[in-house]
Amino acid sequence: MNPVLRREYLTALGLESWVVRGKSAQAAAPRELIAPVETPAARTRAAPPDPLSPQEAARPRDTGVSRGDSTAREAGFDWAELKARVAACTRCALCNTRTQTVFGVGSPTAQWLIVGEAPGADEDRQGEPFVGRAGQLLNSMLRAIGLAREQVYIANVLKCRPPGNRDPAAGEASECLPYLEQQIALLKPKIMLAVGRIASQNLLRTDLTLGRLRRQVHAFGASQVPLVVTYHPAYLLRTPADKRKAWEDLKFAREVCARV
Ligand code: SF4
């Protein structure tokens, strides 16, 4: 990417002071990012390979998640059929309070799949994920790693807005996840980027904190799609000091994608 343009995007993220540190900081980042983080799956490994090896960092880590049980519910439906099924869905009580379902948006041939938690008020009104200020920040984050919004696919774990933007209930997430799983089966993304704690925990079926899930490559589902975790743009708007960590996550994900 044009360095001037890239700096403009990073400035939009509030990261201009970091960029001045130059190439040495960028070169050092991947090594810092692949410090071993103990997860349930990692704990079961008898002799883990060298975590400082770039090859090892890019290798998907199986978190023990098996999704063969629920994926079958929506298996076989194409994009149009799946979207119609979501629009008509009454599988949980959120159907009573939504303005409309928020299926997802983007290129059906995208290599990157961005997954958030659930629609908010703006998304519920417009029927598109990640609009409003959080959406604008997500767009800037993507542009910072050379991706236009139109080049990726963006979806949420839940297709309907929880009232008051509360966290999704466990039953709501489990009812809705098969839709996302079929989206993933149709898309066959090269990499998934889970944004925020709720999306990450639901996709990985864990209660580990976001801090424990960052900086490693997880593997999603039977197809073992590499999955990287980062902060939700709405959180970053409230906590701009963590934008640097998000930038590290994005660079890490880009490196992983390049190695897949
Ligand atoms: S949140 Fe998902 S499962 Fe619940 S009504 Fe909406 S589409 Fe159906």
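Bear in mind the structure is a predicted one, so any value in this text is a computation, not a measurement. Whatever order the structure lists them in is the order used to number ligands and atoms, beginning at 1.
Between Arg85 and Glu74 there is a salt bridge, with a side-chain nitrogen of the basic residue lying less than 4.0 Å from a carboxylate oxygen of the acidic one. Using a 4.0 Å cut-off between charged nitrogen and carboxylate oxygen, Lys159 and Glu172 do not count as a salt-bridge pair. Asp78 and Lys83 are not joined by a salt bridge, as no carboxylate oxygen comes within less than 4.0 angstrom of a charged side-chain nitrogen.
Listed by chain and number, the residues in a salt bridge (Lys or Arg N to Asp or Glu O under 4.0 Å) with Arg133 amount to none (sequence neighbours excluded). Here Arg149 pairs with Val105, Glu128, Phe130, Val131, Asn139, Ile154 under the side chain to side chain contact (heavy atoms under 4.5 Å, CB included) rule; sequence neighbours left out.
Other cluster members for Leu158: Leu94, joined by side-chain heavy-atom distances under 4.5 Å among Ile, Leu, Val, Met, Phe, Trp and Tyr.
Atoms of ligand 1 lying under 4.0 Å from at least one heavy atom of Arg98, given by number and element, are 5 (S), 6 (Fe).
Protein N/O/S atoms closer than 2.8 Å to atom 8 (Fe) of ligand 1: Cys89 SG.
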